[in-house]
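Okay, structure first, notes after.
Proteins get letters first, then strands, A, B, ... in listed order; numbering begins at 1 in each.
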Amino acid sequence: MGYLTLSKISKQFADAVVVQDFNLSIEKGEFVSFLGPSGCGKTTTLRMVAGFEVPTSGQIILDGADITDKAPNQRNVGMIFQAYALFPNMTVVQNIGFGLRIRKEPEPAIKERVAEMLSLTHLEKHADKYPYQLSGGQQQRVALARALANHPQVLLLDEPLSALDAKIRVSLRSEIRMIQKKLGITAIFVTHDQEEALSISDRIVVMNEGREEQVGTPFEIYNFPKTAFVANFVGTLNTAEAEMVDPVKGIVKMDGVQFESANQVEGQKRGDRVSIAIRPERFSFASEQKKANVVDCKIENITFLGSVVRIQITIGRTKFNMDTFNNPFLELPKIGAVTQVTCSREAVLILDRQ
Amino acid sequence: MNLLSWLRKVPLWSGFWYTLGVLYFILPLYATLDFSLRIQRDVISLLAYQNAFADPGFLKTFVYSNILAVITILFSLLLIVPTSYWIRLRLPEARRIVEYVTTLAIVIPAIVMGFGLISVYGAPIKIPFTSIQLTDSLLNSPVGTNFIVIMGYTVLALPLMYRSVDTGMRTIDVRVLTEAAQSLGANWFTIIVRVILPNLRASILSGALLTFAIVVGEVTISSILNVPAFSPYLWLMGQHKAYEPAALSFASFLMIWASMGVIQIVTGGRAQASVAH
């Protein structure tokens with residue numbers, strides 16, 4: 001049993017089921033992300049942990065206590081919003097001290113804690129400013145300090161970086177992760193941005209239509225997606241329809257081209273229709289020696305993306321993307337050229353066709 | 001180049017409209033001031049002001065209307081702030097209905113409301129469908145009458161007060177602020193008093209000022225219910241005297257400017273700041 005346990009949580013609004021039979025157990029000090037497209041129920045699940053929504057059924061246990069029906073102000077949970085939600089009539093110091101004042105902590109203790117939070121989030125210089133005098137990134141750091149000042153049992157972050165510009169987003173992301181590790185606080189982070197989820201989390205819960213599709217470390221989620229949805233949602237992916245040729249050896253045929261896969265799927269028979277998936281970065285141009293999965297292809301298009309070059313190729317009748325690192329001294333094939341590419345057996349995933 | 005865009009480029013032209021606008025407001029005011037100073041033939045004097053302020057009826061009605069205005073403001077705030085807050089937070093679908101109800105005060109003439117109040121509250125109040133009498137007619141006692149008048153004023157002030165407060169609620173994100181405060185442990189009372197109200201200061205003040213102006217300037221209900229209010233007094237004096245009403249009109253203009261100035265000073269920086277935010 002984890003520190004925070006959600007068991008069989010469901011939430012229904014009018015006639016729409018938003019979250020269905022959601023189960024998750026989070027360890028103390030763990031950083032878990034809910035990742036999914038909008039409307040997948042990730043924010044609703046987070047809001048149920050915060051107490052802003054009450055589950056239609058199911059139970060939420062935090063540190064051994066059932067908090068399912070507790071009012072939000074009776075839970076010790078810190079919340080960070082996309083819109084910062086700072087109190088405009090209060091300075092940074094007053095914002096951070098708000099929760100402590102509500103709890104009627106002695107004034108010197110409040111002062112000390114606020115100073116501690118200011119230095120943790122590097123906001124000392126802005127202590128007496130009002131929210132409107134701060135940039136978005138600074139405001140979100142104030143919100144972080146304010147949420148942490150109360151020593152919450154869980155920190156909940158609802159798309160906290162979505163309103164910020166790209167550079168700040170990346171730097172604040174690592175700052176949040178650093179602070180979370182330093183304080184050893186349990187955190188749930190809601191995002192629709194897969195890169196964000198992959199870079200910040202201990203574990204990711206990929207959600208779709210109110211259910212968890214897959215729970216795992218970023219490494220597992222990216223490299224070994226269990227369902228077609230996860231594979232498509234996380235990272236870019238080439239998928240194609242194929243036919244099972246040999247379920248034991250993992251040989252499939254796509255447009256008459258044979259692929260070998262290390263990925264075993266139970267219950268498949270010869271002649272079954274299957275989906276195969278290959279990440280663009282797993283392709284490389286075939287060198288002389290004979291390997292598994294050396295296939296003929298035609299170069300369709302080449303897009304320069306900075307550190308990566310994306311090449312569109314056709315194998316059989318199906319278009320694939322292939323990524324290679326940019327190297328100014330390496331010559332790329334010409335558009336229209338016919339050449340050979342290869343990928344390892346491990347790179348070819350056979351997905352559940354759900 | 002067409003004529004219109006050419007005209008727009010001429011600073012003189014905008015200056016012309018600006019001057020015209022200013023004159024439109026200043027000229028009547030200037031005429032009133034000028035007239036109020038000429039109670040004595042060929043002499044400019046403040047005699048009309050002295051006469052007006054010396055009249056015992058002036059102070060009595062003026063103080064009365066001010067007290068009623070303050071009570072009306074407090075009462076309508078008590079009614080509107082929680083209503084508007086709850087609509088923003090939990091009942092957005094009720095907003096149209098409430099907006100419609102608040103505009104009734106504009107649609108229904110004050111004279112209809114005045115007579116309506118008399119016909120309902122002129123009789124003893126009974127529990128509906130029984131003959132059990134709760135109280136004598138409210139209009140038989142001064143306290144009861146004042147109460148009815150304040151209720152009437154509150155209805156008149158509803159459209160302006162509701163819109164001021166609701167606009168203020170819209171500029172802050174009521175729901176997110178409430179949730180943030182809740183997650184920090186605040187209860188409803190704390191949220192309204194320490195988070196919502198302080199951020200509505202500018203819009204509450206503007207609503208209060210408008211309510212004040214309505215109450216002090218209100219003639220119909222005050223006359224029908226026969227309370228010693230300022231505007232009926234001003235009207236009555238206008239029937240008998242020439243210069244004193246002009247003097248009082250000008251003086252009340254000055255008072256309103258002064259109170260607007262005070263509001264500017266009190267809210268100035270903050271109101272601007274919250275808009276910029």
ask   = How about B:Tyr64: does its OH atom have over 12 heavy atoms from other parts shown lying under 6.0 Å from it?
value = yes
ask   = Heavy atoms, side chains only, cut-off 4.5 Å: are B:Asp173 and A:Phe81 in contact?
value = no
request  = Determine the minimum heavy-atom distance between B:Gln182 and A:Phe52, stating which atoms define it.
outcome  = OE1-CE2, 3.5 Å
remark   = Of all heavy-atom pairs linking B:Gly185 and A:Ile102, the shortest is O-CG2, 3.3 Å
ask   = With respect to A:Asn73, which candidate in B:Asn187, B:Ile191, B:Thr190 satisfies the side chain to side chain contact (heavy atoms under 4.5 Å, CB included) definition?
value = B:Asn187
message = To check you understand the geometry: which heavy-atom pair defines the closest contact between A:Phe87 and B:Leu177, and what is its length?
response = CE2-O, 3.7 Å
query = Is the number of heavy atoms from other residues, nucleotides or ligands under 6.0 Å of A:Phe13 CZ greater than 12?
reply = yes
query = So, B:Asn199 side chain and A:Asn89 main chain: donor-acceptor pair closer than 3.5 Å or not?
reply = yes
Summary of salt bridge (charged side-chain N to carboxylate O under 4.0 Å, His left out) pairs that have at least one residue in residues 71-91 of chain B, sequence neighbours excluded = B:Arg88-B:Asp166
key: Listed once per pair and sorted, the salt bridge (charged side-chain N to carboxylate O under 4.0 Å, His left out) pairs that draw on residues 140-164 of chain A, sequence neighbours left out   = A:Lys42-A:Glu159, A:Arg141-A:Glu175
message = Within the supplied structure, the quantity of interest is the number of heavy atoms (other residues, nucleotides, ligands) at a distance under 6.0 Å from A:Glu112 CD; does it exceed 12?
response = no
ask   = Any side-chain heavy-atom pair from A:Asn150 and B:Leu184 closer than 4.5 angstrom?
value = yes
query = What are the two closest heavy atoms between A:Met90 and B:Arg194, and how far apart are they?
reply = CE-O, 3.6 Å
